Trainee: 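Before anything else, here's the structure in question.
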2 protein chains.
Amino acid sequence: MASRTSQGEESSYRESRRDRLLSTCAELIARKGFASTTVRDIGEAAGLLSGSLYYYFDSKESMLEQIIVKLQAYLWQRYDEVASSDLSPRAKLEGVLRVSLDAIDQYNDEVRVYQNESKLLEENERFQERAARSKDFERMVTGILRDGIATGEFRADLRIEVAFRFIRDSVWTIVHWYRPGGELGIDEVAKDYLSMLFGGIASPNG
Amino acid sequence: MASRTSQGEESSYRESRRDRLLSTCAELIARKGFASTTVRDIGEAAGLLSGSLYYYFDSKESMLEQIIVKLQAYLWQRYDEVASSDLSPRAKLEGVLRVSLDAIDQYNDEVRVYQNESKLLEENERFQERAARSKDFERMVTGILRDGIATGEFRADLRIEVAFRFIRDSVWTIVHWYRPGGELGIDEVAKDYLSMLFGGIASPNG
DNA sequence: GTCTATAGCGTGATAGAC
DNA sequence: GTCTATCACGCTATAGAC
């Protein structure tokens, strides 16, 4: 790409302009979906003409790719910390879920894009490396579940692959209704969800 | 529409052709998304040319609408039965979830379309009546939750609107990985999910 | 009922001036 | 870096023959 140099100030100025454009992309793609968002929409929202976007990006697909790259970098820096810690399985699982919830809070648009366009990422060859991270997430969480069953912290009578999907989907779908800065904060959501995930919704004295 | 008559055999022949076309639409739209599915795709999959589809449907949007109408008719016939029964709140909630899971099993493509295009349904004036059913579902389930807290079957320390979203999303997202006719049947999924929803994933002796 | 043919428009992307 | 201008293509939908 013609716009990428590797010189200090000039490069970082350009990077930050790029990043601001990416945030605009994320907001629009989160709201309207990738297929229904046009490069003209993005240009208009960013205050330039669609053609000018191609100074920063090779294609509409590469805008999507950069959004996901940025999000995955954030997520995996933190997932790796939790996974390599010596916490108990239950505490590790709580940690993983907290990281995911923090992403929903701080990178709301990007997470929505990641969720909404996951099919596209899986099917398009270009995004194979991005889609592979979903398998990494599954490996990490099912590993924690197995360990927790071994220690007796988790129930042994559940299919691990079903429990994994239950956990993954209940947490990530929060992004579809949670609004950063709204009345209900992410800490309150985390408290309720962790409580329901671990203890269920039925009364203990039922 | 020119194709709608109200005469016995001729009409029902046309209806069934229409229904078969709708199934093809649902399959494609479920797989590729509404925006990325072209009427040419649909025509090709159904074995006719795109223009010929307009003998049966006014527009691409009306194809989507008919898919949703058909699904909602199935769902609400059964939801109403459960809601008006005199089962306990917990049994009612189980019943509602069973209906949803049966739809995921029997109307898999249609449910995926409903889930994937929910944004479009909410935002497009044309689909207001369809989108209103989501509010009905919320009213039904939160009512059951309130009753169950009153009887002591459900935990009283949870925010009802958060618990509702937890339940709604964990159940409906099953459609994104469940495959009808696969190794894991809907009864097994139902058993695991009801068990996790009501009792959580933590060991009771934890 | 399905076809041929195409209107009319919006799309992603590019070339080159400034 | 952003603009003007535009290309080449794909899209939904329609008109009218058969």
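Reckoned from all heavy atoms, side chains included, excluding hydrogens, waters and symmetry mates. Per chain, numbering begins at 1; letters A, B, ... match sequence-line order. Computed from a predicted model, the values in this text were never measured in an experiment.
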Trainee: Write down the distance between CG (A/L53) and C1' (C/dT11), rounded to a whole number of angstrom.
Mentor: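 Nearest whole value for this atom pair: 14 Å.
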Trainee: What is the distance, to the nearest angstrom, from the CZ atom on A/R18 to the P atom on D/dT2?
Mentor: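 It is 14 Å, rounded to the nearest whole Å.
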Trainee: Once you measure the plane-to-plane angle for B/W76 and B/F137, does it fall in the parallel (<30°), tilted (30-60°) or perpendicular (>60°) bin?
Mentor: perpendicular
Trainee: Output the distance between atom CG (B/N124) and atom CG (B/L64), rounded to the nearest 0.5 Å.
Mentor: 9.0 Å
Trainee: Looking at D/dG1, I'd like to know if its phosphate oxygens (OP1 or OP2) sit under 4.0 Å from a side-chain N or O belonging to A/Y55.
Mentor: yes
Trainee: Specify the separation, in whole Å, of atom CG of B/L48 and atom C1' of D/dA13.
Mentor: 15 Å
Trainee: Within this structure, what is the CD-to-P distance between A/E44 and C/dG10, rounded to whole angstrom?
Mentor: 14 Å
Trainee: Could you tell me how far apart B/L49 (CG) and D/dT12 (P) are, to the nearest whole angstrom?
Mentor: 14 Å
Trainee: Is any side-chain nitrogen or oxygen of B/Y56 closer than 4.0 Å to OP1 or OP2 of C/dT2?
Mentor: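 Answer yes for this pair, as a side-chain N or O of B/Y56 is under 4.0 Å from OP1 or OP2.
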Trainee: Only one of B/R90, B/R98, B/K92 passes salt bridge (charged side-chain N to carboxylate O under 4.0 Å, His left out) with B/E94; say which it is.
Mentor: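 Among the candidates, only B/R90 passes.
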Trainee: So, using side-chain hydrogen bond (donor to acceptor under 3.5 Å, both in side chains) as the criterion, who are the partners of B/S88 when residues are at least two apart?
Mentor: B/E153
Trainee: Whole angstroms only, please: what is the CZ-C1' distance between A/F57 and D/dT2?
Mentor: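 Roughly 15 Å, once rounded to whole Å.
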Trainee: Can you pull the salt bridge (charged side-chain N to carboxylate O under 4.0 Å, His left out) pairs that have at least one residue in residues 159-170 of chain A, sequence neighbours excluded?
Mentor: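 Residue pairs passing salt bridge (charged side-chain N to carboxylate O under 4.0 Å, His left out), neighbours aside: A/R159-B/E188, A/R159-B/D192.
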Trainee: Report the relative orientation of the aromatic rings in A/F198 and A/F154; use parallel for angles under 30°, tilted for 30 to 60°, perpendicular for over 60°.
Mentor: parallel
Trainee: Determine, for nucleotides 12-18 of chain C in 5'-to-3' order, which nucleotides have protein heavy atoms under 4.0 Å from the base (write B), from only the sugar-phosphate (write S), or from neither (write -).
Mentor: BBB----
